[in-house]
Amino acid sequence: MTTNTPTETAKDAVKNAAGLPSSVTTADIGKPDNRLSIEKSDPGRRGIAFKNLLSAKQSGGSASGGKATDEVPAGFARKTAPKLPELSELDVVRHYTRLSKMAFSVDANFYPLGSCTMKYNPRINEEAAALEGFSGLHPLAHDKSSQGTLEMLYDLEKRLCALCGMAAFTLQPAAGAHSEFTGLLIAKAYFEKLGDSARTEIICPDSAHGTNPATAAMLGFTPVNIKSGPDGRVDPADLKVHLSDKTAVLMLTIPNTLGIFESRIEEIADMAHKAGALVYMDGANFNALIGLVKPGDLGVDIMHINTHKTFSTPHGGGGPGAGGIGVKNRLEEFLPVPRVLKSGGAYTTDYNHPHSIGKVKAFFGNVGVLTRAYAYLLMHSKKELAGIAENAILNANYMKSRLQAVYPAHSKEYCMHECVLTPPDELTAKGLKTLDVAKRLLDYGFHAPTIYFPLIVHEAIMIEPTETESKETMDSFVETMLAIKNEGASTPQLLKDAPHTMPVKRLDEVQAARQPNLRW
Ligand SMILES: *Cc1c(COP(=O)(O)O)cnc(C)c1O
């Protein structure tokens, strides 16, 4: 990689030509200005001038002529002006543009972060969510003035029911983990109503997403871990040993964190049901199944989806998420309120559900995110939705098949939307780890894959290309991974010191965790 740092001689030439003071060293030239906005502040410099914000009339015709501060009761008004950066508009634009370039984003870089589905978020979603009728609606508005939004929520629920094979959906949860929480609350309410208080265990395979056992524990259940077989799937024999009249829920991540489909799901779900348990599916990675499989048809009783992954709404530091839980008929009465109902062509909100678990989020959840997801759903036909899953699977298998010659794959099986690889012997022989490969990728302009997850794979490298990447981008990533192997085998230090081109270089991660320095 080349960098844009000017050579020392070039810097000297610049310094001399510019007649810079001796306090400026040649090392300063060409360096980005890393100061905080407050450090760049110059007293009196302004982007926008605020005059009297309110006219005398608006502020109640006060004697002072109506300054904005007249609205603030005397006891609360500040005595001194706040210490804010004083900058021109251009300074501010440059400041934030520079900061924005320091972060990786889907819009700028390939982002193969396994399990996170960092795919392209179509801009039309943003336009839909910004429509005045949606974005301008007050959350306390009466049903009569919220018909458009209620219709959108109602129709989104219905469409998700059809895609998932479920009887009813709630859109209230704010994320995947929050959906799990909601789903297990529903399971809890179900067993409480049955008067079955002995069911305190939740079975999670070791290939489950970490949030599954964590959510179980958070709700006071005991997570029971079962081992995957050599094919990366639940071993029915081991499941049989752990199922009992203490089992409340069998909680499966499908596809699991190895990127593998639980192909014996019907048999497994049947076993759980015979033991009196419910089957929960973590469908956060539904982009691998959408249009191809209806989990409800396979015996799943409760499932969640992550609209911010499957339905392409910005996430991962780029915005809030929205989950969604689908349930079978016998669990519908426990869903959060309000439910959106339709009668005689009008939409109403309904709180009259005595067995509901109540509210898990204010109002209707993250409606802005749901509006984006709805737009995404509307723009794809049923066939195109299946095409999303097919391309997600095709892309992951393409990358796996090209990379596994050098980076051994954990499983010989075809994967779904992501694959799990490990570092080659040529690198481990030099003391190099997955972390070193991940850091070196940054130098080439790629976001690192998910690493060291799932925990059951030593030195895991989990790659999810998503369905929106082109073959050229995937090829370029593959070539880079192969080049990194060669670099590491010949010059291991190059990888150990990576990244070389990022604003923040290699951190001492142990020290950063134990003695975090959180001040500028
Ligand atoms: C992303 C993910 C989650 C968590 O979702 P959040 O929205 O981040 O809470 C749970 N399970 C799986 C399988 C996931 O991929």
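In each ligand, atom 1 is the first atom listed, and ligand 1 is the first ligand listed. This chain uses plain numbering: 1 for the first residue, then up along the sequence.
By the 3.5 Å distance cut-off applied to N or O atoms, A284 is not counted among the residues near ligand 1. Polar contact check, T253 against ligand 1: no nitrogen or oxygen pair lies under 3.5 Å apart. For N212, no nitrogen or oxygen atom sits less than 3.5 Å from a nitrogen or oxygen atom of ligand 1, counting backbone and side chain alike.
Taking the six-membered ring for Trp and the full ring otherwise, the centers of H209 and F453 sit less than 6.0 Å from each other.
Neither the backbone nor the side chain of H178 has any atom closer than 4.0 Å to an atom of ligand 1 (non-hydrogen atoms only). Under 4.0 Å from ligand 1, not a single heavy atom of T257 appears. Under 4.0 Å from ligand 1, heavy atoms of A175 appear from its side chain as well as its backbone.
If you check each of K309, E464, E418 against atom 2 (C) of ligand 1, the one with the closest non-hydrogen atom is K309.
For ligand 1, the atoms sitting less than 4.0 Å from at least one non-hydrogen atom of N285 are 13 (C), 15 (O), numbered in the order shown with element in parentheses.
Contact annotation: the side chain of P173 never approaches that of H304 to less than 4.5 Å [non-hydrogen atoms, C-beta and beyond]. No side-chain heavy atom of C164 sits under 4.5 Å from any side-chain heavy atom of K294. Between D235 and I226 there is no side-chain heavy-atom pair separated by less than 4.5 Å. Side-chain contact between I254 and F261: present, with at least one pair of heavy atoms (C-beta onward) separated by less than 4.5 Å.
Shown here, atom 8 (O) of ligand 1 is out of close reach of the protein: none of its heavy atoms lies under 4.0 Å off.
The nearest protein atom to atom 11 (N) of ligand 1, hydrogens excluded, is given as D282 OD2, 2.6 Å; this is a heavy-atom distance. In this structure, atom 5 (O) of ligand 1 lies nearest to the protein heavy atom N306 ND2, 3.1 Å. In this structure, atom 6 (P) of ligand 1 lies nearest to the protein heavy atom G176 N, 3.3 Å.
Residue contacts with ligand 1 include H308, since one of its heavy atoms falls under 4.0 Å from the ligand.
The CZ atom of F110 sits 7.5 Å away from atom CD1 of I463, with the distance rounded to the nearest 0.5 Å.
Taking the charged nitrogens against the carboxylate oxygens, D508 and R514 have no contact shorter than 4.0 Å, which rules out a salt bridge.
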